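The structure appears below as structure tokens.
Small disclaimer: the values here were computed from a predicted structure and weren't measured. Quick note on labels: first sequence line is chain A, next is B, and so on, each numbered from 1.
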Amino acid sequence: MIRVENAAFRFREDWVFRGVNFTLERGQTAAILGPNGRGKTTLLKSIVGLLKLAEGRVETHGRIGYVAQKNDMSFSYRVLDIVVMGRATHVGMFRTPGIEDYQIARLTLDRLGIGGFADRIYTQLSGGERQLVMIARALASECEILILDEPTSALDFSNQALILGILGRIVSEDGLTVLMTTHVPQHAQHLADTVLLMHGPERQDWGLAHEMLTEARLEALYGVPVKALDVENHGRTETALVPLFS
Amino acid sequence: MSLVDETSTPAAKRRLGLWTTLLSLLAASVLFSLGIGRFGVSVSNVVSILLGNVLPLEPTWQPVEERVVELIRMPRILIAGLAGAGLAVAGAALQGVFRNPLVGPQIIGVSSGAAFGGAFAILVSESQVLLIGFAFGFGMLAMLVVYGISRQQGRASILMLVLAGIVTSAFFSALVSITKFVADPDDKLPAIVFWLMGSFASASYDKALLIGLPVALGSLVVYLMRFQINVLSLGDEEAQSLGLKVERTRWIVLIAVALISAAVVAAAGIVGWVGLVIPHFARMLTGPDHKVLIPAAALIGAIYLIHVDNVARASIAAEIPVGIITALLGAPVFAYLLRRAANKGWSSE
């Protein structure tokens with residue numbers, strides 16, 4: 001469970017956001033959408049505990065696993081060594097991961113279908129593969145809340161589909177509470193129960209996904225026309241949210 | 001899947017080969033070094049002399065050879081090895097917690113603080129104990145100053161730490177210059193200058209113990225923190241989000257590093273570049289995992305400094321300051337390693 005009450009963050013004189021309120025129940029998935037610079041990443045980091053809010057408070061129940069938007073790895077660690085670092089909260093000061101920690105790391109890699117990556121060098125992996133490893137590291141911490149910052153950015157369509165598919169499966173299997181940011185309304189539509197639209201410093205809309213992901217709201221959010229197109233896919237009608245660039 | 005014991009993987013078996021090689025090299029280096037010098041002793045005699053300590057051997061060597069090997073060379077080689085191992089461990093730990101290959105023990109100000117402490121002790125007294133005490137005390141003081149400057153709102157950013165280290169080093173270097181300026185040019189000044197250049201010449205078993213204890217303690221702490229250093233090397237934010245107590249972890253490592261560096265400076269003066277080059281070189285052999293990197297760096301550092309000291313004491317009739325040789329070797333080797341690593345994508349993208 002994540003409860004955000006009256007959250008506000010200030011950068012020097014300017015408010016990045018103010019009066020953010022929402023409660024994400026256990027086992028639910030929420031997506032945050034909004035233009036660049038509206039404080040999506042800042043909000044996530046405040047919930048994770050990496051940044052301090054100027055006002056308001058955040059309450060979370062359960063261990064948080066965090067997948068950052070980008071990580072610049074200074075050292076070329078083995079994938080298994082990186083995933084086992086997800087066990088850091090379970091390993092005391094002056095101690096090292098035990099056999100069971102390595103087993104959990106390997107099982108998590110297997111679960112995501114990348115068991116064969118264990119001995120590969122992280123910095124030599126592709127973008128999609130790295131994202132899977134980062135998700136594996138978060139899951140290896142045995143988190144109950146998973147927070148992801150643009151997990152599909154900079155990935156091609158097939159890798160986007162891969163990440164979305166794996167997230168959907170893991171979330172339902174483990175009953176995780178998930179909060180993620182994205183720039184793709186369709187990804188939110190695919191995964192999220194609820195959506196937070198960050199319009200500006202003083203205005204945020206929180207509501208059920210199908211109520212938030214409408215033509216009018218998305219157009220107001222981005223200032224770009226967005227059309228909801230009904231398309232037929234293998235005998236089912238699905239709605240595609242398409243931005244129009246003129 | 002089956003349960004995998006991480007100690008029986010191919011990687012672990014490759015490592016066994018590495019340890020065997022490094023330990024054999026270290027043993028061979030010690031035996032070789034005990035024999036060479038202005039008074040040469042054959043390797044077979046060196047081995048016999050050493051075995052004579054534990055076995056009832058009939059002496060086939062001259063008493064003077066035994067004295068040279070056991071009372072003069074052995075403590076010196078011990079100190080050189082300890083200093084090399086300590087500096088390499090300190091450097092490996094610092095490069096990990098600062099996520100930067102250009103960091104060495106000098107960066108957090110300990111070396112310059114210890115240099116001033118030692119120089120001041122030489123100025124005011126003849127006592128070896130005072131020298132070691134002062135070097136240690138001022139080394140720690142310099143680190144606390146760095147800590148004080150860099151800490152803002154309860155946190156210390158890496159950039160501030162490095163900058164504070166540079167500022168503090170500059171200040172203590174000025175104090176060293178003042179000490180030299182007021183020193184008696186016939187007597188104290190040369191003593192200070194030669195001590196600062198770095199030397200293992202005045203070695204004894206007492207001194208080996210004095211440097212050995214802090215080096216061993218500091219290195220033990222660093223080794224126990226090997227996993228935490230791994231996590232910290234991902235960056236502060238990542239480490240914190242993984243649940244590591246970032247500040248506390250970093251300061252435990254820094255204090256251990258300060259302990260090691262101050263002890264080495266106290267015993268042997270400023271021996272630069274070892275803590276920078278050796279961990280870098282070791283990482284190429286072992287990869288970045290500090291579990292393997294730290295002990296490998298220790299062994300390579302010991303082997304390296306023992307041989308550097310061989311050159312210092314046995315290459316020409318006079319004694320060459322060790323610090324000069326390590327800098328002459330270290331700078332170009334480091335430049336080469338840096339270029340090689342850059343081609344292999346060592347750094348972040």
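- Of the two parts of Gln228(B), only the side chain, counted from C-beta on, holds a non-hydrogen atom closer than 4.5 Å to a non-hydrogen atom of chain A.
- Heavy-atom neighbours of Arg169(A) CZ from other residues, nucleotides or ligands within 6.0 Å: above the threshold of 12.
- Most heavy-atom pairs under 4.5 Å with chain A: of the set Gly287(B), Gly235(B), Ala239(B), Ser233(B), this distinction falls to Ser233(B).
- The minimum heavy-atom distance linking Val48(A) with Ser241(B) is given by the pair CG1-CB, 4.1 Å.
- In this structure, CG in Asp289(B) is found 10.0 Å from CG in Leu80(A), a value given to the nearest 0.5 Å.
- For the side-chain contact (heavy atoms from CB on, under 4.5 Å) test, residues two or more places apart in sequence or in another chain that qualify with Ser46(A) are Phe9(A), Thr42(A), Leu51(A), Leu53(A).
- Every residue two or more places apart in sequence or in another chain that forms a side-chain contact (heavy atoms from CB on, under 4.5 Å) with Asp119(A) is listed here: Arg78(A).
- Residues of residues 83-97 of chain A that come within less than 4.5 angstrom of chain B, heavy atom to heavy atom, are Val84(A), Met85(A), Gly86(A), Ala88(A), Thr89(A), Val91(A), Gly92(A), Met93(A), Phe94(A), Arg95(A), Thr96(A), Pro97(A) in numerical order.
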Residues 143-152 of chain A, side-chain donor-acceptor partners within the protein, below 3.5 Å, at least two apart:
residue, atom, partner, partner atom, Å
Asp149(A), OD1, Thr41(A), OG1, 3.4
Asp149(A), OD1, Thr181(A), OG1, 2.6
Asp149(A), OD2, Thr41(A), OG1, 2.8
Glu150(A), OE2, His183(A), NE2, 3.2
Thr152(A), OG1, His187(A), ND1, 3.0

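- Comparing Leu234(B), Leu224(B), Leu242(B) by how many heavy-atom pairs each has under 4.5 Å with chain A, the most go to Leu242(B).
- In this model, a donor atom of one side chain and an acceptor atom of the other lie less than 3.5 Å apart for Tyr77(A) and Asn230(B).
- Remark: the backbone N or O of Ala68(A) is not paired with any side-chain donor or acceptor of Glu238(B) at under 3.5 angstrom.
- Counted within 6.0 Å of CZ on Phe22(A), heavy atoms from surrounding residues, nucleotides or ligands total more than 12; the atom is thus considered enclosed.
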